[in-house]
Structure formats: structure tokens, C-alpha cells
Protein chains: 2
Amino acid sequence: MKYNQVTIKDIARELGISPSTVSRALKDHPDISPETKKAVNELADKLNYQPNIVALSLRQSKTNTIGVIIPELVHFFFSTVISGIEDVAYSAGYNVIITQSNESLQREKTDIKALFNSRVDGMLISVSRETSNFDHIDNILAKGVPMVFFDRVYENSNSSRIIVDDLSGAKEATLHLIEQGCKRIAHLEGPPNLEITKQRLEGYKQALQEHNIPIDPSLIVACPLGTIEEGKKATEILLAMDEKPDAIFATNDPAAMGSMQAIKEAGLKIPQDIAIVGFSNWFFTALLDPPLTSVDQPGFEMGQEAAKLLIRQIEVKSKNHDVELQPETKVLKTRLIVRDSSLKKGKKK
Amino acid sequence: MKYNQVTIKDIARELGISPSTVSRALKDHPDISPETKKAVNELADKLNYQPNIVALSLRQSKTNTIGVIIPELVHFFFSTVISGIEDVAYSAGYNVIITQSNESLQREKTDIKALFNSRVDGMLISVSRETSNFDHIDNILAKGVPMVFFDRVYENSNSSRIIVDDLSGAKEATLHLIEQGCKRIAHLEGPPNLEITKQRLEGYKQALQEHNIPIDPSLIVACPLGTIEEGKKATEILLAMDEKPDAIFATNDPAAMGSMQAIKEAGLKIPQDIAIVGFSNWFFTALLDPPLTSVDQPGFEMGQEAAKLLIRQIEVKSKNHDVELQPETKVLKTRLIVRDSSLKKGKKK
DNA sequence: GTGAAAGCGCTAACAC
DNA sequence: GTGTTAGCGCTTTCAC
């Protein structure tokens, strides 16, 4: 963008001093005389001088920008993560560039390359549903770009990561259903590539085992997309069984919503006939009918923690190129929000 | 970001040729011999050379980046706008930087300055709820930065804008309620600074007038935030009136959802006692109970159109600094999605 | 067909 | 206390 930008040179020329003096005056360098500083700052204000970040970035080989790759912006969860990232990044003097992979591996590859080309100082990544090969990430990692993964992490990298305790969350949700007297609890399973899917399944299984409830594979239905439509279809399959489930623990809220639709259309009641629990991506679950019990994930906090870790890494590395920070794993707790969709005996929370 | 980036110089040194030749070879300049081109491209591939966009931006005084300022990412409407913007921007070779004002004027000022400092080639802006003074925008506009406003526009600028036909949408919604037999239709009004608020009120009034229904100021309740809580409070006020309304046209979906809560808590039925229509910000209105009739806004299309207009403006201006493109106003149609919350006579769509 | 040199805006040695 | 110079990575005249 050229247009009418004021540069340090303009100020220098007008004041009859050198650009370096202007530069120093603007950053309050101790060498510069108070008078010069005053004159420079006043003129800068008057001309509404704004430093050119592009030049600065080139000069310092540092853009003060962090790149973020998320699967999709429309999820409430990810948009809260973004806010958490911005919160920390802005106060540390970093800009944020957000890209969406749209759950496509191809797009994720393009995004990561684009962020690298923009010379971001580091990246925060939550991988797409399709990502099972990580060459594109290793590639950039090999160039020494600091990376922190969040929620959907790259398991085998030795990068830092922020995750949610999916196993405990899923277990808690399942235990809650068991406490409500449910015996045949179905699980709508998420995208197979994602670690979180495995963890949620494992939490579900552990809860059943602790109560000596046999694990029935026919009650575990794949929902690789985790969408409303898919949750609906999966539930229709479950409802067609001879022995219907009396509860469903869904991979996420959209799937749970699909379940609710299917159950209502079948003329059944929630939670009397079938109780429902979702894993939270959105926040309006309180407004559904009946209000949905959900395993809530702390998105804002996750964004904050991820950004903190990344920035620390960037700053250590920029001071000393050879020091590698030990990778850290931070596990955040989920919170089960109990609502009517899972309260079998009609007891309110 | 320094790290291990390969530069044109590296390639030149390795091949024993000059950086300028490498540069030309990489962009397939006709002067360069096929052999040189081949050698350069092969080495570039081998070293995984990625051009440094920061250097390029500085050199060309063009960042190929457009900045976006939106009130809040968490709204479904705005996240679809973003996708529309990215759709057009990426295929035209532009990057996108998104900032959120969080509905704060202060933050909007910081954002716009940050985007200017980053030397974005142009900006797409939807102003915050608080924005009634536009000096910060005029300031940047005066520097010649191309800007296009969308949805919540800066009325008095002569910039291009993409808006939704709020007046017709609101009128259509109100007429729909009238057709359902409603006589006392309340309106939950939006943030007073925004033009869209005025348009929606005007559409509401026009519909009533066309049917000779008197406009009762006590049925128009302010909802400056447009949140669920506010919609609920506003509705409680309406329900406390001697002559209750028999329908509510809300400034947006959250307000409509608040209304629904208040009505249910008062033991009344939707739509039998009171019918509801919202103005759409989110997409899950179909899943509410009862499913909410909404004036749907075309977010993706709005993003596309805004980006198209801005990029055209950027490219004309970069070719010829003095030519100013005539500002355009593009009005997109809303779509009334009729659902149970407004179907008074129980007739299904 | 290729190279040398200048410059985008800024800062940081190194002068003096 | 201030100026001069060089250089971040790249492109683009202008030479030859």
C-alpha cells in the first residue's frame, strides 16, 4: 500500500536532521536531546506518522505476527479459542493471522505454506479432520518455526500442545448417564483420525467397565463428520435395533442435535426414553428442547494458554537460536453442564 | 522469523549466477535461457525455496493483504461473511487479516490503526455498535486506503458498501405476522447508532401502515445490545402490559430467543399466544422450540461482494493513482424463512 | 542472456 | 548528540 504514507525520511527532511536521529527520537533513545525528541514527536503527531511494519519486519527478520490454523471458524468453540489467542497475543505486541482449513488437508497445506511465506514468527495449529499424514507440518517444523498445537494435536511431534482432558470428560459424561440409571448407552464416535476421538471413546469405555456394563460394539456408531445430519442418521440406525439404547453420548453437539431430531421424529421422549449428552462445540445448547447436557470445553482459556506457550518459545528462540525449549503439554479440564436432556428421573439440577 | 529460510541469494551463490538472474528465472522471464531456468527451478525445488513476502511487500509497496474489521467472530453471520471474503480474496491472490472490535469503539480504533500500520492494501469494515463518531475512519480514508463497508456501514462516507435490504426484510417479516392475523405486533429495536436498526424499524412501520394498523410506541422496546438477556427483559415488559402484544418482531435472533424464554416462563404458548420472528445472526434457529421464523441474511454472498468491490478498487488505484472509482452500493436481498414460531393458525409451511 | 546497482522504510553499528 | 553507512530480500532499470 503506497498512498500517502508519512515516512521517517519525511520527518527528517522537514526538520533538517537525519533519518537515524528521527528513528532514535521516536523510540526515546537516551542519546537524543530532549529538544530534538520534542520536535520529532510533535511533527510525527502532526503528520500522523505511523511506522511501516513491513519495513520493520524485514529489517528485524521478525514480523511480530503469529499464524493460526483452525478447522472452521463457525464453531463456537474455535471462535472462543481465537479470542483467547488474541487476548494474549495483543498484549504481548503480536498480531494474529487466522486461516481456516475448512477441514481439508489440501487447504491446510496451502495455509501452512502461506503462513510460512508471510514469515509469521510462530504458528498455532489445530489439525483438520482429514489430517493423518504430517509431512507438510514436519517440513515447516524442520525450518525451525515454533509451533504449538491445540485441541486436535499432532501426536508424534515434540511440539508443545494444549489439550482438553477428553478422556475424563467423556468418562464423566458417561458416568453421569449411568448414575441416571441408563444401561444401554450408545456412543456416536467422531472422525477416526483425531486423537480426541480415541480419547472420548476410551473415556466412554472406562466408565462402562467401572460399572461392569459390557461394551456392546453395535452401540458404537461412527460419525466421521460429526454433523447434525450424520448424528440423525446414526441415531436412526440405533433406533432400528431390537434392543434400543436408553442413552446416547454424542461426539459433539451437532451430532447430539441430530440425535434429538431423530428421537423426536420417532415419537420418543427425551430423556424419558433416551437421554442425551453432547460434547460441546457451541454455546446455545441451553436453548434446545430439552436443554442439552454437554461436556463444555474451555476455548478461551485454551487460546490463551496456547498463545502464551508459543510466544514464550518465540522469544526464547529469538534471543538464542540454539536453545530449544522443552515441549510442554498442558491439559485443561472440561466441565459437565447437566441439563434436562440427560436427567432421566425428571430431577432438576 | 529468521531461522533457516532459503533466499534468492543462496540459489545464486550455489549456481554461480547473480540474484537478479535467479529472480527472473523464477518468474519465467522471457530473456532467461531455458537451461538457466531449469537449473534455478530445480534447485529452488530442492532447497524448498519460498519467496519472502515481507521483502516483496516492501519492495512493491503492496502487501496483497486485505484487512477486515468485524464486531464479533462468534456470530454465525459474521463468520459466514469471513468465509465469503476469503473465497474471493484467496482466488485473487490476497491474504486476509481479521480483527474483532468486540463491539468496542476503542478497540475499533486500535484495529484500524494496526491494519494501517501493517500496510494492508484495503479494508473491509463493519462498524461496532458503539461507533457514532467516524474520525478514526476518515483519518485512514484520507490517506487513500480503499475501504468497503458491509452490513453496518458508515453512512456519510462516499465509500462503497454492501448492505442487506433491511427495510424490505423487516417489512416482509411484519407483513407475514399480519397475514397470520396478528394485530398488536411489538418490535424489539436494535442498537440506536446503527443504520440497520433504523431500517428495520422503518420496515416494521411501513408494514403496519399499509394495513392501517396504528403504530403504538409502547410496543417498540429498545434492545441496544440485542442479546438474549435483553430480549428476555424487554419481553417481560411487554408481557406486563394490560394489552399484551400478540406477536414480536425481534431485532435479531438472540433477542428473539430471549423473547421465547420469557414467553415460556410466563406460561404462554408460541405461536398461539404470541408469534415470534427474528432477524438472523445464527443458523440454528431451526432447532429451537418452536423453530424460529427468521429473516435470513446472506453472509457468504455479502463477504464475496464486499471483497470483489474492494479488490477492484485496489487494483484500479494501483494502476493509476489518480483515478477514483465511483462508490457503489450493493443491496442484497434477505430471505424470510418461515417456521413454527410465527404460524399462528398452526398451518405448517 | 546476464550482471550491477539502486531502493522500498527502517534500524544499528560505527564514526565523529 | 547526531550523521553515515550498510543491509534485511526482493525486483527492476540500465548496462553490456
Side-chain angles (χ1 to χ4, degrees), chain A residues 1-41 44 47-65 116-121 143 318 321, chain B residues 1-41 44 47-65 116-121 143 318 321:
Chain A
M1 225 268 314
K2 194 167 186 141
Y3 309 111
N4 315 323
Q5 36 180 334
V6 182
T7 74
I8 269 186
K9 265 190 188 165
D10 297 328
I11 298 180
R13 194 180 332 105
E14 189 130 342
L15 253 38
I17 57 180
S18 83
S20 34
T21 306
V22 175
S23 169
R24 283 185 276 238
L26 287 171
K27 18 188 44 189
D28 205 21
H29 190 106
D31 276 0
I32 304 296
S33 75
E35 303 79 51
T36 312
K37 277 183 191 167
K38 187 155 172 288
V40 167
N41 281 306
L47 299 179
N48 198 2
Y49 165 79
Q50 300 287 87
N52 184 327
I53 287 197
V54 177
L56 229 162
S57 299
L58 183 61
R59 177 70 233 258
Q60 336 226 74
S61 300
K62 179 158 194 308
T63 52
N64 278 291
T65 299
F116 178 76
N117 288 1
S118 299
R119 296 306 192 264
V120 294
D121 294 331
K143 304 206 188 230
S318 81
H321 262 220
Chain B
M1 226 269 313
K2 194 169 185 135
Y3 311 109
N4 316 323
Q5 36 180 333
V6 182
T7 74
I8 270 186
K9 265 190 188 168
D10 298 327
I11 299 181
R13 195 178 335 103
E14 190 131 339
L15 256 38
I17 57 180
S18 81
S20 28
T21 305
V22 175
S23 169
R24 281 184 277 236
L26 286 170
K27 18 187 46 191
D28 206 19
H29 190 106
D31 275 0
I32 304 297
S33 74
E35 302 80 48
T36 313
K37 277 184 192 167
K38 187 155 171 287
V40 167
N41 281 306
L47 300 180
N48 199 1
Y49 166 78
Q50 300 288 88
N52 185 327
I53 288 196
V54 177
L56 229 162
S57 298
L58 182 62
R59 176 69 230 261
Q60 336 227 75
S61 299
K62 180 157 192 306
T63 53
N64 278 290
T65 299
F116 177 76
N117 288 1
S118 298
R119 296 305 191 267
V120 295
D121 294 331
K143 304 205 187 230
S318 79
H321 262 220

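Model, not experiment: these values are computed from the prediction. Per chain, numbering begins at 1; letters A, B, ... match sequence-line order.
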Original post:
So, for B/Tyr49 and B/Val6, which heavy atoms are closest and what is the spacing to 0.1 Å?
Top reply: CD1-O, 3.3 Å

Original post:
Hey, does the side chain of A/Ser20 come within less than 4.0 Å of D/dG3's phosphate (OP1/OP2), counting only N and O?
Top reply: no

Subject >> Atom pair distance, as rounded to whole Å: NE2 in A/His29 and C1' in D/dG1 >> reply: 9 Å

**OP:** Mind calculating the distance between CD1 (B/Ile17) and C1' (C/dA4) to the nearest angstrom?
**Re:** 15 Å

Original post:
Among C/dT2, D/dC10, D/dC8, which is the nearest nucleotide to the side chain of B/Thr21?
Top reply: C/dT2

Original post:
According to a strict under-4.0 Å criterion, is B/Lys9 in side-chain N/O contact with OP1 or OP2 of D/dC8?
Top reply: yes

Identify each donor-acceptor pair in which a side-chain atom of residues 20-27 of chain A lies under 3.5 Å from a protein atom, sequence neighbours left out, and give them as a table.
residue	atom	partner	partner atom	Å
A/Ser20	OG	A/Ser18	OG	3.0
A/Thr21	OG1	A/Ser18	OG	3.1

**OP:** For A/Lys62 and C/dA12, give me the distance from atom NZ to atom C1', rounded to whole Å.
**Re:** 17 Å

**OP:** Can you tell me the distance, in whole Å, between the CG atom of A/Leu56 and the P atom of D/dG9?
**Re:** 15 Å

Subject >> Closest to the B/Ala55 side chain, choosing from D/dC10, D/dT4, D/dT12 >> reply: D/dC10

Original post:
What's the CG-C1' distance between A/Asp10 and C/dC8, to the nearest Å?
Top reply: 13 Å

Original post:
Do you know the tightest heavy-atom contact between B/Pro19 and B/Ala12?
Top reply: N-CB, 3.6 Å

Subject >> Distance test, side-chain N/O of B/Tyr49 to OP1/OP2 of D/dG9, below 4.0 Å >> reply: no

Original post:
Do the side-chain N or O atoms of B/Ser57 get closer than 4.0 angstrom to the phosphate oxygens (OP1, OP2) of C/dC8?
Top reply: no

Restricting to nitrogen or oxygen on both sides, can you table the protein-nucleotides 14-16 of chain C pairs closer than 3.5 Å?
none

**OP:** To the nearest Å, give me how far apart CD1 (B/Ile8) and P (D/dC8) are.
**Re:** 13 Å

Original post:
Given atom CG of A/Leu26 and atom P of C/dC10, what is their separation to the nearest angstrom?
Top reply: 9 Å

Original post:
Looking only at atom types and distance, does a side-chain atom of A/Lys37 sit under 3.5 Å from a main-chain N or O of A/His29, one as donor and one as acceptor?
Top reply: yes

**OP:** Compare the minimum distances between each of C/dG3, D/dG9, D/dG3 and the side chain of A/Leu58, then state the nucleotide with the smallest one.
**Re:** D/dG9

Original post:
Think A/Thr7 has a side-chain N or O under 4.0 angstrom from the OP1 or OP2 of C/dC8?
Top reply: no

**OP:** Considering non-hydrogen atoms only, spot the tightest contact between A/Ser57 and A/Thr63 and give its length.
**Re:** OG-CA, 3.5 Å

**OP:** Nearest-nucleotide wise, let me know which of A/Val6 and B/Ile32 is further upstream toward the 5' end of DNA chain C.
**Re:** B/Ile32

**OP:** With side chain to side chain contact (heavy atoms under 4.5 Å, CB included) as the test, would you mind laying out the steps for B/Ile17 and B/Val40 before giving the verdict?
**Re:** CA-CA 10 Å; B/Ile17 57 180; B/Val40 167; 3.9 Å; yes

Original post:
Under 3.5 Å, is there a donor-acceptor pair between the side chain of A/Thr7 and the main chain of A/Lys9?
Top reply: yes

**OP:** Would you mind reading off the distance between A/Asn52 atom CG and C/dG7 atom C1', rounded to a whole angstrom?
**Re:** 14 Å

